Each structure stands twice: as C-alpha cells, then as structure tokens.
Amino acid sequence: MEEYVREPCPWRIVDDCGGAFTMGAIGGGVFQAVKGFRNAPAGVRHRLKGSAKAVRIRAPQIGGSFAVWGGLFSMIDCGLVRLRGKEDPWNSITSGALTGAILAARSGPLTVVGSAMMGGILLALIEGVGILLTRYTAHQFQNPMSFADDPTQLHPQNGAQQSDARGQFH
C-alpha cells in the first residue's frame, strides 16, 4: 500500500483551501437542496425550482466559508511546522484552536475562547481517531512470517522432527 504524502507547505495551503471549498460546496449543496425543496410552495415543479435556487445561491457561500477555514488552518499549520521543525498532531490541534479563535475574533473574547476550545477539541478528536485507526490497522500491513522462519513448522535439516517451545527437537 502506498503511503499518503502531503504536498510541501506553500502548495499544501492551496490544496487544502480547494479541498475545503469542494467539500463545503458539495455538502452545502446537498443540505440546501433538501432545505429548498422543503421550504418551496406545494407542487413538484415549484419544489424542484426552490431546491435548485437554494443550491445556486447558498452552496458557493458555504464552500467559500469552508475554504477560508481550510486556508487559514493550513497557513497556521505550515507556520507551526516551520517554527517547531517537526510535523506532529500537536500542530493540527493548535492550528484548529487558533483558526477557531481568529475566525471568532469579531464576536468578543468569550466567543474567541469558546471557538478556540471547540477547534482544538475537534482537531484533537480527529487526530486521536486517526492515530487509533492507524494503530488498529497496522497489523494488516505487516509482512507475514515465511515458512522457513517459522519455528513451529518442520525443519528440512531435521527431517520430520518438530521443535517444542524451548526450541528442542524430538
């Protein structure tokens, strides 16, 4: 299995920003389609028009909001990688907290602290689940022991003899 390698930092920001926009536009489009369908006047034709209008108006706005979050997060993450000299989960957690704080800066200090905590906690959960999944699935990708290296199998140099737990042959 190939290992996923991230882009270097200047390109990572653009990549993350575009990915966040796409995710926000698609997810927001689906949500707005359902919302526009439900809020339109009765009749299938009116509901489909309402759904399409809601998607056309709101999906790009939601995608843009996601892109701002993703771009800011990625810029802070790249800055922390450069500042600390290493790439680890603490960079992502700190980036999430700082992104939440910066985006809530116009709402007052209490909101800044709450948004910073939520951003940090959210990224800590994401990083924790990623680490757990990596550890859980790591054994699937280990090379199996070959027949010649397995001490419980028959050894050709000893004929049909088998070794016991101490490595002695019978």
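Bear in mind the structure is a predicted one, so any value in this text is a computation, not a measurement.
The hydrophobic cluster containing V44 also includes F37, L48, under a criterion of side-chain heavy atoms closer than 4.5 Å among ILVMFWY residues, counted directly or through chains of members.
Linking Ile, Leu, Val, Met, Phe, Trp and Tyr residues whenever their side-chain heavy atoms come within less than 4.5 Å leaves V81 and M75 in two separate clusters.
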For residues 113-133, dump all side-chain donor-acceptor pairs below 3.5 Å to protein atoms at least two apart in sequence or in another chain.
{"from": "S115", "atom 1": "OG", "to": "T111", "atom 2": "O", "distance (Å)": "3.1"}
{"from": "E127", "atom 1": "OE2", "to": "S92", "atom 2": "OG", "distance (Å)": "3.3"}

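Of all the heavy atoms in C17 and A67, the pair that sits closest is SG-O, 3.4 Å.
For K49, the side chain to side chain contact (heavy atoms under 4.5 Å, CB included) partners at least two apart in sequence or on another chain are R45. With sequence neighbours excluded, the residues forming a salt bridge (Lys or Arg N to Asp or Glu O under 4.0 Å) with R12 are D77, E87, listed by chain and number. Taking the side chain to side chain contact (heavy atoms under 4.5 Å, CB included) definition, one finds that A40 meets it with R47, sequence neighbours left out. In this structure I76 satisfies the side chain to side chain contact (heavy atoms under 4.5 Å, CB included) test together with L72, L80, S95, L98, T99, I102, sequence neighbours excluded. Partners of S74 according to the side-chain hydrogen bond (donor to acceptor under 3.5 Å, both in side chains) rule, which considers only residues two or more places apart in sequence or in another chain, are D16.
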(request) Take K35 and Q32 through the test side chain to side chain contact (heavy atoms under 4.5 Å, CB included) and record every step on the way to the result. (result) CA-CA 5 Å; K35 186 176 176 185; Q32 291 301 320; 4.0 Å; yes
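Evaluation of the ring pair (Phe, Tyr, Trp, His ring centres under 6.0 Å) test over residues 8-36, restricted to residues two or more places apart or in two chains, returns none. Listed by first and then second residue, the ring pair (Phe, Tyr, Trp, His ring centres under 6.0 Å) pairs that reach into residues 66-98 are W69-F73, sequence neighbours excluded. Note on residues 88-107: pairs passing salt bridge (Lys or Arg N to Asp or Glu O under 4.0 Å), not counting sequence neighbours, are R84-D88.
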